[in-house]
There are 2 protein chains.
Amino acid sequence: MTLAVPKLRSCNDCPIRYSAVCSKCEPDELLQLEEIKYYRTYAAGQPIFFGGDPLEFVGSVVSGVSSLMRTLPDGRVQMVGLLLPGDFMGRPNRDTIDCDVVAETDVMLCCFRRKPFEKMILDTPHVGQRLLEMTLDELDAAREWMLVLGRKTAREKIASLLHMIAVRMASLQPGETAETTFTLPITRETMANYLGLTIETVSRQMSALKKDGLIAFDERRDIRVPDLDALRAETGEEGF
Amino acid sequence: MTLAVPKLRSCNDCPIRYSAVCSKCEPDELLQLEEIKYYRTYAAGQPIFFGGDPLEFVGSVVSGVSSLMRTLPDGRVQMVGLLLPGDFMGRPNRDTIDCDVVAETDVMLCCFRRKPFEKMILDTPHVGQRLLEMTLDELDAAREWMLVLGRKTAREKIASLLHMIAVRMASLQPGETAETTFTLPITRETMANYLGLTIETVSRQMSALKKDGLIAFDERRDIRVPDLDALRAETGEEGF
DNA sequence: CGATTCATTGATGTCGGTCAAGCTTAGTGG
DNA sequence: CCACTAAGCTTGACCGACATCAATGAATCG
């Protein structure tokens, strides 16, 4: 099997040059980053980190989608983060990682060795500043997700997840947005683990949303949203 | 009614001098901070911010406890953060705040005017670095909480909340830890809103934990935990 | 002392979980 | 080319954990 990942020569070609942790860097800072950077690829389904492992590197998702997950000793799983291209992975100033990280699709990472990266945070202001921005955004997203998990119904949860993915995927591919279409990067099981539901409930609610004309799909993963606002109205976040 | 807040003369007297966002500052940096800082107090129950309001200041909790909450249009509420002394409040680089913030007890804040504080993040490395650390810690905590909300039973949720508060309160009051005792800073309703439960379920599970000897209380808020490890065993996070 | 807020407890209902069967698709090997 | 298998998904029947509805108690306050 071959990985569907882009060939990359330099940071100038990089699809995430202006959204990732390096996006505020000046040319000289970029040169410093280049010295501690290397690329890695993972096939869909592969683990990237195991929770508790020593953290050798941090980095950016260049292409593909990966998930952060936490697991209880008896096997219950909760996804706690969805990393799309540009998102940052890993935790500076900590020796181990506290989540499992898995590649949901084929994934390409731009990795930085952790120790020198931590030094750059101290010495190179634009890296630390951008990382702070990104971390604050992720904290906002995590809190938004707490509301979904704690207070929404199954139907609202599914609508929220589909809406979020549709919006985030659309923002990655600038262009027309007449009718939103995207390929779900995750399985029904992963959806269930995001939403604190079972796979059966996910399936039922997907069918219900389909029957109600809010989404359409034949291939199980290729979702079409005829009316993004109508879908949003199902998330519970809209007035009446 | 008078507020139970400490009198404070200078940063040297400050109870959170070595844990808050200013904890890494050198004396000259502290002087800069002092110029943009002022204290405010809030009585228990008072709002501190309304979601969507312009964000005039950011700051640290000096004493007391406050909550971040998100609300759905139909009134459902989810607490998304518990701010104890030393914790940071507000969101640099954003004009509005996206959560309501309320004082759960009498609260004293050390406030910084937002604009000059944002400038200090750019100019004063130790402020930004400490804020990054704190934000990463909060992100970890939020993800931990997503697991609680998504995958734990009502009993496990209550045990998790009590355990977390017991540990965090204990870490604020250095000293003996023979038997853990603390005053719950929040009502049953707030507990329910943290855990994605109803107040009735919270009450029933509190009674159940009391009957099983895992916690003890007469006054509804004064909790005694005879065995912190036994309580932790009820959180679902332990092996078997 | 009403009035109000907060908490507890009981009776009943329901949403989503559990258990189970069957379908579709992709991959493997005869 | 066709079994055979396995993974992923869908659907149905049933059940249980937690929500809802309701009554009461305890503490606080004007």
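A, B, ... follow the sequence lines: proteins, then strands. Residue 1 opens every chain. Only this structure's heavy atoms are used, side chains among them; waters, hydrogens and symmetry mates stay out.
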Using whole Å, report how far [atom1] of [X] lies from [atom2] of [N].
| X | N | atom1 | atom2 | value |
| --- | --- | --- | --- | --- |
| B:L209 | C:dT9 | CG | P | 13 Å |
| A:E219 | C:dC23 | CD | C1' | 15 Å |
| B:I158 | D:dA17 | CD1 | C1' | 14 Å |
| B:K157 | D:dA17 | NZ | P | 14 Å |
| B:K210 | C:dA7 | NZ | P | 13 Å |
| B:D218 | C:dT8 | CG | C1' | 15 Å |
| A:K211 | D:dT10 | NZ | P | 15 Å |
| B:K152 | C:dG16 | NZ | P | 22 Å |

Under 4.0 Å, heavy atoms only, any strand: does B:R221 hit a base, just the sugar-phosphate, or nothing? sugar-phosphate

Which residues pass the side chain to side chain contact (heavy atoms under 4.5 Å, CB included) test with B:A216, sequence neighbours left out? B:R224

Can you list everything that forms a side chain to side chain donor-acceptor pair (under 3.5 Å) with A:R151? Sequence neighbours excluded, please. B:N193

When rounded to the nearest 0.5 angstrom, what distance separates CG in B:L83 from CD in B:E138? 6.5 Å

Gap between atom CD1 of A:I158 and atom CG of A:L195 - 0.5 Å precision: 5.0 Å

Nearest-nucleotide check on DNA chain C, B:I186 vs A:A154; residue mapping nearer the 5' end is B:I186

With each end axis built from five pairs of C1' atoms, what bend angle do you get for the helix from C:dC1-D:dG30 to C:dG30-D:dC1? Round to 10°. 30°

In terms of the nearest nucleotide of DNA chain D, which residue is placed more toward the 5' end: A:T187 or A:R151? A:T187

Heavy-atom pair of closest approach, residues A:R114 and A:L55: NE-O, 2.7 Å

By ring pair (Phe, Tyr, Trp, His ring centres under 6.0 Å), which residues pair with B:F182, not counting sequence neighbours? none

Have B:Y194 and B:S67 got a donor and an acceptor in their side chains that come within less than 3.5 Å? yes

Can you sort out the partners of B:D13 under salt bridge (charged side-chain N to carboxylate O under 4.0 Å, His left out), two or more places apart, ordered by chain and number? none

Pull out every residue in residues 192-205 of chain B that has a heavy atom closer than 4.0 Å to any atom of DNA chain C, ordered by number, or say none. B:E200, B:S203, B:R204

Which word best sums up how the rings of B:F57 and B:F49 line up, parallel for under 30°, tilted for 30 to 60°, or perpendicular for over 60°? tilted

When you get a sec, tell me which of C:dG16, C:dA7, C:dT24 is the closest nucleotide to the side chain of A:R220? C:dT24

